[in-house]
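Report on one structure; see the data block that follows.
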Amino acid sequence: MTEWEKEGSTLCLSLWICSPDLTLAEDPYLNRAYQLMSETPLIDGHNDLPWQLRMQFNNQLNKVNLDTLETTHTNIPKIKEGRLGAQFWAAYVPCETQYKDAVRQTLEQIDVVHRMCEKYPDTFKFVTTSQGIMDAFKENKTASLIGVEGGHSIDSSLGTLRTMYQLGVRYLTLTHSCNTPWADNWRVDDGSDPIQSGGLSPFGKQLIVEMNRLGMLIDLAHVPVSVMNQTLTMSVAPVIFSHSSAYAVCRHSRNVPDEILLKVKEKKGIVMVNFYNDYVTCSQKANISDVADHFDHIKKVGGAEIIGFGGDYDGVPRTPEGLEDVSKVPNLVAELLRRGWTDEEVKAALGNNLLRVMSEVERVRDNMTSRAPDDVPIPYSEVENPCRTSFGYTDAGAAGAAHSVKYKIMVLALSAKTDLTLTEGVKQEL
């Protein structure tokens, strides 16, 4: 039994089932699912309700009642019925905002998550740590965390990254569906977008180190295989795929190939399975069994210790039959049990895996407290555009040279102070 399970086992038989208005199901597998979800929090890696709040209400929460809202996959009754223990709410803004107002719009999405938690304090508790998730679970509240979905949201600025961390952001998806000046996105793998950085640029690699220092989860959903490989090689801390599925089951570039699943296992990271039909069956139709097939495959390749839930609710137009909204997730847990998953395997996927990953990311951060924040900016030549000023830059060429030297020194110093062993390929690259 893990430390997280020891804490969970001290709770009521079910913080959710003990509610007098919830009754036990007749299906023994579903009953067992409810029991396990009362002991271990269901932690979902990605939900786009904040984007729906923008698109439907322009973030005017005074015009929204989450107790009665019926135009989204997510509302408070559905959250309670689905036994949602913790949620990473996506602070997402479209790629069209890149080089324009991406930072402002992202800050507004961060703000709406905070305001949502403040408006419904009996349902949500804003947290930023692995321990905070368990604290909220003990209080029968949905732990609420923030993930920024897309590197364009930081406008190629480590200062912006750090500011968002201070505002409570705990993961950054390196790209969305567009290249940034420092990282290629998943669409380069199917030829929809051109290769720009060859994966990560020197600044992109610099960003990985800074995220390790901050204690921010590195999210590899939406990146190409090249970025997956480079990040898994570089990062000292484990990484996540907040909402991706298995490529071998559905050959879509948003999914994770088997060779990457094996590297995620080596890194002790996590792949949180996406429920979007197009990523589940590579078609517009899917059902709960199809989603379970992804769980089974990832378990077969990488073990139950690398699996999680990443529904992508309110960010997709189609969801599987049986998983229509967040209230239906216990049905998927029951399906895994029906397929022979053990209680321990189910608990790992529900939340223990993510708690372990987040705790390790925090440990790496604590071991890097002596390192100063990286303040070397991206070379101006890599971000120059009509909407960007150059205040502070005196010589773009000199800035680029300094950046390259600083990056090499930083990675070599990090390897000397941690357990990171640089491969020959990385050494040659430096």
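These numbers come from the heavy atoms of this one structure, side chains and all, not from hydrogens, waters or symmetry mates. Everything numeric in this text was worked out from a predicted model, so none of it was measured.
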Donor-acceptor pair between S130 and E362 side chains, under 3.5 angstrom: yes
Do P373 and R162 have side-chain heavy atoms sitting under 4.5 Å apart? yes
Would you verify whether the NZ or CZ of R83 falls within 45 degrees of the ring axis of Y34 while also being under 6.0 Å from that six-membered ring's centre? yes
Work out which heavy atom in N255 is nearest to a heavy atom in C250; give both atom names and the distance. ND2-O, 3.0 Å
Do other residues, nucleotides or ligands put more than 12 heavy atoms under 6.0 Å from the CD atom of E321? no
CG of L42 to NZ of K347, rounded to nearest 0.5 Å, is 14.0 Å
Using the ring of F88 (Phe, Tyr or Trp, six-membered ring only), decide whether R170 places NZ or CZ under 6.0 Å from its centre and within 45 degrees of its axis. no
Roughly how far, to the nearest 0.5 Å, is the CE atom of M228 from the OG1 atom of T233? 13.0 Å
Say you draw a straight line from CG of D312 to CG of N47; how long is it, rounded to the nearest 0.5 Å? 8.5 Å
Do Y247 and H252 have their ring centres less than 6.0 Å from each other? no
Test salt bridge (charged side-chain N to carboxylate O under 4.0 Å, His left out) applied to E345 and K299, K300, R339, the passing residue: K299
Nearest 0.5 angstrom please: K119 NZ to R115 CZ, how far? 9.0 Å
Looking only at side-chain N and O atoms, does T173 offer a donor or acceptor that is under 3.5 Å from a partner on D219? yes
Hey, mind stepping through Y276 and Y313 against ring pair (Phe, Tyr, Trp, His ring centres under 6.0 Å) and telling me if it holds? CA-CA 8 Å; Y276 181 34; Y313 283 117; over 10 Å; no
